[in-house]
Amino acid sequence: MALSEMLLFAIALLGSSVALLFALLLALSVLRSDAGSGAMKKIAFAIRQGAVAYLSRQYRTIAVITVVLAVIIGVLIGYVMAVTFVLGALLSAVAGFIGMMVSVRANVRTAQAATKSLKGAFSVAFRGGAVTGFAVAGLGLLGVTALFLFFDDPHILIGFGFGASLISLFARVGGGIYTKGADVGADLVGKLEKGIPEDDPRNPAVIADNVGDNVGDCAGMAADLFESYTVTIIAAMLLALSLSRSEMILPLVLGAVAIFASVLGSLFVRAASADRIWSALNTGILFSAGFSAVGFFVVNVLMFDHFAYFYAALIGLALTVIISFVTEYYTATNRKPVQLIAESAKTGPATTIIMGVAKGMESTFIPVLAIAAGAFLAYTFGGGFFGVAIAATSMLAMTAIIVAVDAYGPITDNAGGIAEMSKMPRSVREITDPLDAVGNTTKAVTKGFAIGSAGLAALSLFAAYRDLTAVDILDIYNPAVVAGLFIGGMLPFLFSSLTMKAVGKAAYLMVEEVRRQFREIPGLMKGKANPDYAKCVDISTKAAIRELILPGFIAVFSPLLVGFILGPEALGGLLAGAIVTGLLLAITMTTSGAAWDNAKKFIEAGNLGGKGSDAHKAAVVGDTVGDPFKDTSGPALNPLIKVLNTVALLAATLIVSYHIF
């Protein structure tokens, strides 16, 4: 029984509508929750004000770049492509803004709910995070479906994907520099020099640190997964051009089915005790994957007379679960890797850093093998590269529930900060601290998911590039290919160097400012004077905006230069090199950073001497080094890989249109 084309489009549009409606209902339920005392509201307002100020300035900066690129695309390729480019950038920005605006309101409500029970606080935090997840999936699916319905040409969607990729890159880089410049500065002076607790209201950088959680881990991750979600669907549709209309529409239908499944899966997320927090979130992921598998089977039966695409979709779901479990193993406080890093802190910062890097490198083993096996099996049993694209689409179809789990993290982190700054009872921190510790794991899992899916999706984009340029073979005896391969392999390292240095510069300015305030404001250390929070927010904002331009410039223009100087074969080599090194470096950095963070939290929970011990001081150094690893450079490699690929597709369009080479 074959479904009509219009019915398939209706399913896709219904899925996106359900996601957006569910996000709205969740947002309303969060906003109806108690926002706490006047002191709590004042702190939450300061965080919200700083987040909106930064995001507004970032979007104004990106808007100028977007307009310039849109004009160039319009002149060289066509104004329809330019319009879709702007729309992709706009929807990506909207998804991030929606998520952040709910996050900065859910934080104070989570803190207030923690005065009553862990179950209530957990519920508010998860619902707040789920708004971001379903907004991302709903806007992404709606944008791609509507554009394809209107233009009926997947090639036009390349512009949409590039717009989403550009916003993702700038949001990840800018948000990461902001949050980690503030975080590192706050920790180095507050914890190590002054010996005051994390989120202590005497620390001038504490508001900037809490703002950073929202602009980096909420708005940044939203833009990141929006881009991954849409670009993967677009790549699959491009590969289906040589097949049939049913194959072309299949990625849209799979996205809709997974949204329905994620709505159901989210209803199973409940936690009543500290030791059930991660398992409750993981239950939501597993149920969503299970419901998705059933839905994918039904879709396959109704649309095709074979099961190749169902097998490919199952492989994508399996990869999601595998990467989630592996990342959780390497980053959770109750797991051996984190406890080994904590144990190494007894002998100082050097051994802490050595062990953290070692575990990050080790953590690449299973995910890379799983991605390699998944790509091979999807190609073999799923109908070639389109099968690989379906596996990637199936994986990214889980975006709603995965981002929901991720955005829970910054909300609980902020909740703990608000509890500390407003001097709420210790019993509140006893609830928010375990919520926050699991939040570090959820953020790491989402980054692992984003990076793993980027590797698989990049293969789909790579195949789409092959179809556009007719470059079927990359000959490693061709010097142009070898040059491209090495340049591509180098780019993730150069990009990471720039973003790490940017965090270092921002942190330096923050440290100097925090020291100045402690030195020059009488009574600040004794709590008898108020710090100048706004100055620290301004430092982070200016540093992030200033430093995000060069990495973005390199990401956009590197493939263009290589493609037009050395040719399409060299550009293919660049993509291959960037995919391999980018994937490995990103997994290493994000896992190491999260493991260092939770090793510190493991010690702060009373183990190995607890807070103030030598082991704790060493763990704080490890965590400080890991901050730009896990929240700036590592996750920013995901959009870097996608930007390189989408720009390569645009370059291929130009090469074909103007008969270059």
Any side-chain heavy-atom pair of Thr179 and Asn214 under 4.5 Å: no
Atom pair OG1 (Thr232) and CD1 (Ile390), whose distance is rounded to the nearest 0.5 Å: 11.0 Å
Any Val144 side-chain heavy atom under 4.5 Å of Leu252 side chain: yes
N-O pairing of Arg172 and Asp631 below 4.0 Å: no
Flag side-chain contact, heavy atom, 4.5 Å: Ser496 against Leu637: yes
Side chain to side chain contact (heavy atoms under 4.5 Å, CB included) partner of Met237, the single match among Leu157, Ile249, Asp153: Leu157
Spatial distance of atom CZ (Phe170) from atom OH (Tyr59) [nearest 0.5 Å]: 13.0 Å
Aromatic ring proximity, centroids under 6.0 angstrom, Phe385 and Tyr379: yes
Verdict with supporting geometry, Thr591 and Ser363, side-chain hydrogen bond (donor to acceptor under 3.5 Å, both in side chains): CA-CA 7 Å; Thr591 306; Ser363 71; 3.2 Å; yes
Flag side-chain contact, heavy atom, 4.5 Å: Leu91 against Phe226: yes
Ile554 and Leu498, any side-chain heavy atoms less than 4.5 Å apart: yes
Validation row: Met100, Leu55 side chains within 4.5 angstrom (heavy atoms): yes
Side chain to side chain, Thr399 and Ile259, heavy atoms closer than 4.5 Å: no
Residue pairs involving residues 70-91 (criterion salt bridge (charged side-chain N to carboxylate O under 4.0 Å, His left out); sequence neighbours excluded): none
CA sep, side-chain torsions, deciding dist, call: Tyr330, Glu362, side-chain hydrogen bond (donor to acceptor under 3.5 Å, both in side chains): CA-CA 9 Å; Tyr330 277 98; Glu362 178 187 304; 2.6 Å; yes
Lys642/Ser228 under side-chain hydrogen bond (donor to acceptor under 3.5 Å, both in side chains): CA gap, chis, key distance, verdict: CA-CA 8 Å; Lys642 302 289 188 46; Ser228 294; 2.7 Å; yes
Distance (rounded to the nearest 0.5 Å) between Phe449 CZ and Ile323 CD1: 8.5 Å
Rounded distance [0.5 Å steps], OG in Ser92 versus CZ in Phe160: 8.5 Å
